[in-house]
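Just below is one structure, and these are the notes that go with it.
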Amino acid sequence: MPELPEVETTRRGLLKILPGRKILKVEVYAAKLRLPIPADIPTKLKGAQITDITRRAKYMIWHISNDRDIIVHLGMSGRFRMATEKDFQRGVHDHIVLYLSDGMMVSYYDPRKFGLFTWAEDDGAPHPWLQNIGIDPLSDDLNAEWFYPQLQRRKISMKTALLDQKMINGLGNIYVSEALFYAGVRPERLTLQVTRSECQKLVKAIKQVLNAALKAGGSSLKDYRNVKGRLGYFQNQFAVYGRAGEPCKTCGQVIQQVTQNGRSSFYCQHCQK
DNA sequence: CGGTAGACCTGACCGC
DNA sequence: TGCGGTCAGGTCTACC
């Protein structure tokens, strides 16, 4: 599910609920997601407060009063549900349930359990998964002067390059296809063959797509919901993702689907070279 | 270095 | 209705 826009939408939703409330109780119903959920989390969080929630790539960092940070990753199907204690009904996929002061509840829901909920550091060492994260696509770090040489010294498909979180963080399968469409570059094109002007367009397209998705509250496929249970609506604006066989909104030609690294890419063979 | 396959896990959907 | 196969927004490891 969640690429940068969905994670950021989730973060903003949680920011409205978690800070300022005390954590009264934490219940954990799964031993592990992608990694084990540390056994000491319920004890350590009891009585604590979340002072802030920040984001690094697709990871959320929960800043806890008087304790280490927690990192949260939504994997493919993770999301947070919010409810009042009165209304809350735990389902089989609600793995971590937080009881907050004034009767609010927040739960981490994740059918596929590919997410992550653990201490951000262990023995003073930052979690290895937080190492080697590439640049933030929405910051000025992503510009053609930086990006072009990066592309020149590699010989991989553009799809693979944009999915590589160590180069640019935050893009996933949906937004890679969308950004490549707006830049007019096919997913199979090799990094080495991308021109300077295409690189310029890519930079623009990546930012434009992510910002538009953010504005729409993310994309909802299957079961993505924001914290309030609302659907994002960017999926209604997809130019190519999931539209194989349908006409290109720009030229009318049929959208193509190919498999790269075991994952689908979508493109228009007329608009993308 | 790059590519590939498999691992983790559950649910939805399709064709028979 | 049931069953098996395929696919899904992520990302790590193992191996060629």
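Because the structure is predicted, anything quoted here is derived from the model rather than measured.
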Problem - NZ/NE/NH1/NH2 to OD/OE distance under 4.0 Å, A:Arg189 and A:Glu198 - result: yes

| said: Between A:Lys58 and C:dT11, is there a contact of a side-chain N or O with OP1 or OP2 at under 4.0 Å? | reply: yes

A:Asp110 CG to C:dG10 P, in whole Å, measures 13 Å

| query | Do the charged groups of A:Arg154 and A:Asp164 touch, with an N to O distance under 4.0 Å? | reply | yes

Q. Between the base of C:dA8 and the side chain of A:Arg263, is there any donor-acceptor pair under 3.5 Å?
A. no

The nucleotide from C:dT11, C:dG10, C:dA8 with an atom nearest the side chain of A:Arg112 is C:dA8

For B:dC9, the nucleotide meeting Watson-Crick or G-U wobble distances (both under 3.5 Å) is none

Side-chain atoms of A:Pro2 come closest, of C:dG10, B:dG11, B:dG2, to C:dG10

Give A:Tyr175 one of three labels, base, sugar-phosphate or nothing, depending on what nucleic acid heavy atoms sit under 4.0 Å from its own.
nothing

By nearest-nucleotide position on DNA chain B, the 5'-leaning member of A:Leu33 and A:Val92 is A:Leu33

Side-chain N,O (A:Arg154) to OP1/OP2 (B:dG2) below 4.0 Å
yes

Taking B:dC9, C:dC12, B:dG2 as options, the one with an atom nearest any side-chain atom of A:Ile156 is B:dG2

Here the distance between atom C1' of C:dG10 and atom CD1 of A:Ile133, to the nearest Å, is 13 Å

Check: Can you check whether A:His73 has a side-chain N or O nearer than 4.0 Å to OP1 or OP2 of C:dT11?
Finding: yes

From CG of A:Leu4 across to P of C:dT11 the rounded distance in Å is 11 Å

TODO: State whether A:His93 places a side-chain N or O below 4.0 Å from either non-bridging phosphate oxygen (OP1 or OP2) of B:dC9.
DONE: no

Looking at A:Glu8 and A:Arg55, is any side-chain nitrogen of the basic one under 4.0 Å from a carboxylate oxygen of the acidic one? yes

Answer yes or no as to whether B:dC9 has its base stacked against A:Phe114, where stacking requires a ring-centre separation under 5.5 angstrom and planes under 30 degrees apart.
-> no

(message) Using a strict threshold of under 4.0 Å (side-chain N to carboxylate O), is an ion pair present between A:Glu27 and A:Lys25?
(response) yes

Winner on side-chain proximity to A:Asn173, out of C:dT11, C:dG10, B:dT4, is C:dG10

When rounded to whole Å, the NZ to P distance for the pair A:Lys32 and B:dT10 reads 10 Å

With a sphere of 6.0 Å drawn around CG of A:Asn236, does it hold more than 12 non-hydrogen atoms of other residues, nucleotides or ligands?
yes

In whole angstroms, the gap separating C1' of C:dC12 from NE2 of A:His127 amounts to 11 Å

Here the distance between atom P of B:dG3 and atom CG of A:Leu190, to the nearest Å, is 8 Å

Across the strands shown, which category fits A:Ser264 at heavy-atom distances under 4.0 angstrom: base, sugar-phosphate, nothing? sugar-phosphate

Applying the 3.5 Å cut-off to both distances, the Watson-Crick or G-U partner of B:dC1 turns out to be none

>> Would you say A:Ser264 and A:Asn173 are linked by a side-chain donor-acceptor pair, where the criterion is simply a distance under 3.5 Å?
In response: no

Atom CD of A:Gln165 and atom C1' of C:dT11 are separated, to the nearest Å, by 8 Å

When rounded to whole Å, the CG to P distance for the pair A:Leu163 and B:dG2 reads 15 Å

Check your understanding: Taking the same atom, P, in C:dG5 and in B:dG6, what whole-Å distance lies between them?
Key -> 15 Å

